[in-house]
There are 2 protein chains.
Amino acid sequence: MAGLAEIARAAGVSVSTVSRVLNRRAGVNDETRQRVLTVLAEMPYTPRGLGALQRTGVIGLLVPELSNPVFPAFAEALETRASRLGYASLLCNTRSASMREEEYVRMLLARGVEGMVFVSPEIANTGGEDVHGYYAKLLSDGVRMVFVNGGAPALDVPDIAVDEQLAGYLATRHLIELGHTRVGFVSGPARSLPSRLKRAGWAAALEEAGVRVDPAWVAHAPFGAEGGAEAAARLLDAPRARPTAVICSSDHMALGVLREAHRRGVSVPRDLSVVGFDDIPVASYCAPALTTLAQPIDEMARAALDELSLRLDPDGRDAPTGNYSRVFRPRLVVRESTAPPS
Amino acid sequence: MAGLAEIARAAGVSVSTVSRVLNRRAGVNDETRQRVLTVLAEMPYTPRGLGALQRTGVIGLLVPELSNPVFPAFAEALETRASRLGYASLLCNTRSASMREEEYVRMLLARGVEGMVFVSPEIANTGGEDVHGYYAKLLSDGVRMVFVNGGAPALDVPDIAVDEQLAGYLATRHLIELGHTRVGFVSGPARSLPSRLKRAGWAAALEEAGVRVDPAWVAHAPFGAEGGAEAAARLLDAPRARPTAVICSSDHMALGVLREAHRRGVSVPRDLSVVGFDDIPVASYCAPALTTLAQPIDEMARAALDELSLRLDPDGRDAPTGNYSRVFRPRLVVRESTAPPS
DNA sequence: CACTGTGTTGCAAGGTTTTGCAAATCAGTT
DNA sequence: AACTGATTTGCAAAACCTTGCAACACAGTG
């Protein structure tokens, strides 16, 4: 890893200046400081004394947010497993912060974090930016990482994921078996890969049952209960052929659907069946209790951490190369929010 | 802060040996290594190069767990506020880890965290151990910190808290006004200070109404939905004079009460009124929607971070000395889980 | 145009940490 | 008891980072 001198050379300044920037001393021109910081971001600098922080068994857990209860659930499961393996975890909420995920990761690395688990990382959004290249760069910098529900088959990173397409399929199947044919999809944003996969499963199940899929049955909205309510409102307002059932991208969105249905006097499950996804703890407490597809959170957490610790262990350097990914089957949990159409 | 030389002197070895221990080099006797590590734990060492990590605007947020949704809610509110003030946050779950809170704090400090917010810290448990002394030591080491619902009036640390006693009082009052007289208390562990304060408010409200308080009306159980169910079971099994209403230490426990009531066919609110505490997001989704006392989470987060940033800001060193604490009033939110006794 | 003050930078001295090396220690063997 | 080899430790030199200081640049002012 680079020393002060190298950084200085790359930035075209003396080591003293670099030192001053690092220590936030006054007396450095803003422009110069910026130049040094840029170089610093590219060839990350680890102070000598940081040897003291290396290999202390600290890992980073990155989740996009905490308001959807799946993420605290994942975080807790991952932490429990991590601590059993002797690692302490630092949890980072990448969306609430002013920093983007990338900066957060740099910050963690500068703090001597040995490896990281990305839960639903940005790469799962098939947006325009080159997040792919960013993860590839981290990887080539030797950062040890694991994805959970990452959806990045092209990267040489293990991905521990539920089969989202199967989830969409099973949810829709369940509704079809109950007798529904007009099944709506309360979906997250269009660029979210998990939502697209669920949609594929949903469409496959409907077509298999001989139902012509109507694109108007898909309502995109931001993740979260608010988004769910908003999407539900749009679907329930559909002039002709309004759905008798909906599947949702997440339980969290499903809660919003329940609320909106309640607000409009649409009775669940009599007038509308609802299937969630995740099986968050709340799902069994809400009214009506939510039929949902459970992610095997504990098993996934276990797999993710085993995978990571293999990569951290200096011995096991040989074993895991290649895109070793595990796909878990979601499990249908039938509760009270689904019933035959009236 | 101590340098290598001082550590070496204290451990009775040469600086080289300390250096070797810190960098995990081979060639140090296990016994010697242990001695050095012990000294290191007592006079924490910050590498020089860590200047690079100092004042990077990273703060630590310590919460006891994540399964009770108040804690993710607090975490998110704190993070949002922190990022607005230019700080990045590291979230730590102190209970799920193998480390105790103390070790976690040391770990964070070694990572150049500037300050920390303790949410419901261990000091709020009036257990036997000398946690008090531990926080005092952190304080005298110059660690900047703030408590949220800390309950440690003797320490020179700002404490941003809800008035727990008032919460217990208002909850009980509400039930008394509805006509209840036999009001149970589903309480967290006896050593939890917040639970004791709520109990005091509960007792005060009952006595004020001329009701003789029966100690059998208090059921202690571990925090969480399981604990709530367990405590509810005990109260509902009470042979004579079983309560017509209960207040709970948290919404999370209240969810357990709802579940247990449902399991036994006890209808809420017809046969049993339930008041929670916290107003977690789920409270409005569960069945029946929970009457509860809301903590003003956003305002508290704001206050906690303003308080902390005052202490971090090198300028404002003058202003905040003394045990500056803010007590927030909980707000009664009436939903569907309370009604007059039948 | 010179003078002054302010701000920025590199040099070199000084302090701290790392590491090569040799001395010391210890257990097992002859 | 002496020898051997492995391990551990401190010394001192080397590498590295920090900081005081002087040099330089630049703008404003008399």
Side-chain angles (χ1 to χ4, degrees), chain A residues 1-58 106-107 109-114 141-142 314-315, chain B residues 1-58 106-107 109-114 141-142 314-315:
Chain A
M1 212 156 240
L4 269 201
E6 254 180 283
I7 306 278
R9 192 143 30 73
V13 295
S14 73
V15 279
S16 355
T17 306
V18 179
S19 168
R20 277 187 272 253
V21 170
L22 284 175
N23 293 287
R24 285 151 220 277
R25 279 258 137 58
V28 180
N29 189 357
D30 270 352
E31 203 181 311
T32 315
R33 159 170 286 125
Q34 208 46 60
R35 203 164 69 239
V36 173
L37 287 175
T38 309
V39 173
L40 228 39
E42 274 161 22
M43 40 163 77
Y45 161 73
T46 312
R48 306 165 58 68
L50 264 183
L53 303 184
Q54 232 74 354
R55 323 224 123 269
T56 33
V58 179
R106 293 273 169 225
M107 190 266 276
L109 288 174
R111 283 186 164 57
V113 161
E114 285 188 59
D141 284 354
D315 309 331
Chain B
M1 215 155 234
L4 268 201
E6 254 181 282
I7 306 279
R9 192 144 28 75
V13 294
S14 73
V15 281
S16 357
T17 306
V18 179
S19 167
R20 276 187 274 252
V21 170
L22 283 174
N23 293 287
R24 285 150 221 277
R25 281 256 136 58
V28 180
N29 189 0
D30 271 351
E31 203 179 312
T32 314
R33 160 171 285 124
Q34 207 48 57
R35 203 163 69 239
V36 174
L37 286 176
T38 308
V39 173
L40 227 39
E42 274 161 23
M43 39 165 78
Y45 160 74
T46 313
R48 305 173 56 68
L50 266 182
L53 302 184
Q54 230 76 354
R55 323 224 123 269
T56 34
V58 179
R106 295 271 168 225
M107 190 266 277
L109 288 175
R111 281 183 167 57
V113 161
E114 284 188 59
D141 284 355
D315 310 329

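Labels below follow one simple rule: chain letters A, B, ... track the order of the sequence lines, proteins then strands, and each chain is numbered from 1.
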(request) Please check if the side chain of A:R20 supplies one atom and the backbone of A:R25 the other of a donor-acceptor pair under 3.5 Å. (result) no

(message) If the cut-off is 4.0 Å, is A:R25 near the phosphate of D:dT19, judged by side-chain N/O to OP1 or OP2?
(response) yes

(message) Given C:dT9, D:dG10, D:dT18, identify the nucleotide with an atom nearest to the side chain of A:S19.
(response) D:dT18

(request) Find the distance between CZ (B:R9) and CD (B:E6) and round it off to the nearest 0.5 Å. (result) 6.0 Å

(message) Testing the basics here: between B:A10 and B:V39, what is the closest heavy-atom pair and its distance to 0.1 Å?
(response) CB-CG1, 3.7 Å

(message) Heavy atoms from C-beta onward define the side chain here; which of D:dT8, D:dC17, C:dT17 lies closest to that of A:L4?
(response) D:dC17

(message) Heavy atoms from C-beta onward define the side chain here; which of C:dT18, D:dG10, C:dG10 lies closest to that of A:S14?
(response) C:dG10

(request) Scan B:V18 against the nucleic acid and name what it touches under 4.0 Å (heavy atoms): base, sugar-phosphate only, or nothing. (result) nothing

(request) Send over the distance from B:N29 CG to C:dC26 C1', rounded to a whole Å. (result) 11 Å

(message) Any N or O donor-acceptor pair under 3.5 Å from the base of D:dC17 to the side chain of A:S16?
(response) no

(message) Among D:dG10, D:dC17, C:dC11, which nucleotide has an atom closest to any side-chain atom of A:R20?
(response) C:dC11

(request) Can you tell me the distance, in whole Å, between the CD atom of B:E31 and the P atom of D:dT7? (result) 17 Å

(message) Please report the distance, rounded to the nearest Å, between CD1 in A:I7 and P in D:dC16.
(response) 13 Å

(message) I'd like to check A:V36 versus A:R33 (side-chain heavy atoms, cut-off strictly below 4.5 Å). Are they in contact?
(response) no

(message) Output the rounded distance in Å from CG (B:L22) to C1' (C:dT18).
(response) 11 Å

(message) Distance check needed: C:dT9 P versus A:R9 CZ, whole Å only.
(response) 19 Å

(request) May I have the distance from A:R35 (atom CZ) to C:dT8 (atom P), rounded to whole angstrom? (result) 13 Å

(request) Output yes when at least one side-chain N/O atom of B:T17 is less than 4.0 Å from OP1 or OP2 of D:dT8, else no. (result) no

(request) Taking the side chain as every heavy atom from C-beta outward, state whether B:L4 and B:L22 have any atom pair closer than 4.5 Å. (result) yes

(message) Pick the closest DNA chain C nucleotide for A:V28 and for A:V15 by heavy atoms, then say which residue is nearer the 5' end.
(response) A:V28

